[in-house]
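Notes follow the structure.
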Amino acid sequence: MRGWILRIGIIAVIVVGALIFRDRISGSAADLKVGDCFDEPTGTTLIKDVQHHPCTKAHTSEVIFVGIMPGSNDAYPAQAVFDDYTLSNCVPAYNAYTGSDFQADTEIDIG
C-alpha cells in the first residue's frame, strides 16, 4: 500500500510541476493554443519545437488563433488562398484578442 501512495505522489508532483512550468519549457509547435507566448525560431522553414515564455516576459510571438485551413491535407495552398484565409480568420481574431485594429497597427504582424 505504501508503494502505491509513493508512486501516486511522484506522479502528482510531476503533473503539478509540468503545469506550473509549462510556459517556461520548449514544446511542440503543434501543441500551441490561443494565449501561448513563445519565441519564434529563426533560420528554419520547418518549425517543430518552440520555446515557451510567460506572456509577462519578453517574447517574439503569441498565439491569437488556431484553425485548420480547408484543403490543408493536400499540397500547400497558393499564396492568394492563404492570404484570403488569413484575412478572413486571423485578422478578426487579432482584433478580438487585442481590442485593436490590425490594419492600423504598425508594429505587430501576423505570421
Side-chain angles (χ1 to χ4, degrees):
M1 181 69 170
R2 185 174 178 201
W4 280 104
I5 293 172
L6 181 61
R7 289 179 187 144
I8 291 171
I10 290 171
I11 291 171
V13 167
I14 292 170
V15 168
V16 169
L19 290 173
I20 291 172
F21 294 107
R22 181 189 183 280
D23 62 352
R24 292 174 179 83
I25 56 177
S26 66
S28 173
D31 293 336
L32 289 170
K33 58 188 184 310
V34 173
D36 284 348
C37 297
F38 62 99
D39 282 338
E40 182 178 344
T42 57
T44 182
T45 57
L46 180 61
I47 299 171
K48 292 183 180 181
D49 293 319
V50 295
Q51 179 63 48
H52 293 267
H53 288 285
C55 291
T56 56
K57 304 290 182 191
H59 56 278
T60 61
S61 300
E62 187 166 346
V63 180
I64 60 164
F65 173 78
V66 176
I68 298 174
M69 188 169 182
S72 60
N73 291 333
D74 302 329
Y76 195 80
Q79 189 64 45
V81 173
F82 187 78
D83 291 344
D84 288 345
Y85 182 82
T86 301
L87 286 173
S88 62
N89 292 280
C90 300
V91 171
Y94 172 89
N95 294 343
Y97 187 82
T98 64
S100 300
D101 179 22
F102 176 74
Q103 302 299 336
D105 197 322
T106 59
E107 294 183 28
I108 305 291
D109 197 11
I110 291 177

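Nearest approach of G35 to C55, heavy atoms of both residues: O-SG, 3.3 Å. Taking both residues in full, the closest heavy atoms of A58 and H53 are given as O-CG, 4.0 Å, listed atom of the first, atom of the second, then distance. Taking each heavy atom of I108 and F102 in turn, the nearest pair found is O-CE1, 3.8 Å. The two residues P92 and L87 have their closest heavy-atom pair at CD-O, 3.4 Å.
With sequence neighbours excluded, the residues forming a side-chain contact (heavy atoms from CB on, under 4.5 Å) with F65 are Y85, N89, C90, A93, listed by chain and number.
Pairs passing the side-chain hydrogen bond (donor to acceptor under 3.5 Å, both in side chains) check and including a residue from residues 58-68, sequence neighbours excluded, read H59-E62, E62-Y97. Legend: side-chain hydrogen bond (donor to acceptor under 3.5 Å, both in side chains) pairs involving residues 100-111, not counting sequence neighbours, sorted by first then second residue: Y94-D105.
For the atom pair T86 OG1 and Q79 CD, the distance stands at 8.0 Å (nearest 0.5 Å).
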Could you walk me through whether V66 and L32 pass the side chain to side chain contact (heavy atoms under 4.5 Å, CB included) check? CA-CA 8 Å; V66 176; L32 289 170; 5.8 Å; no

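The backbone N or O of H52 sits nowhere less than 3.5 Å from a side-chain atom of D36 that would complete a donor-acceptor pair.
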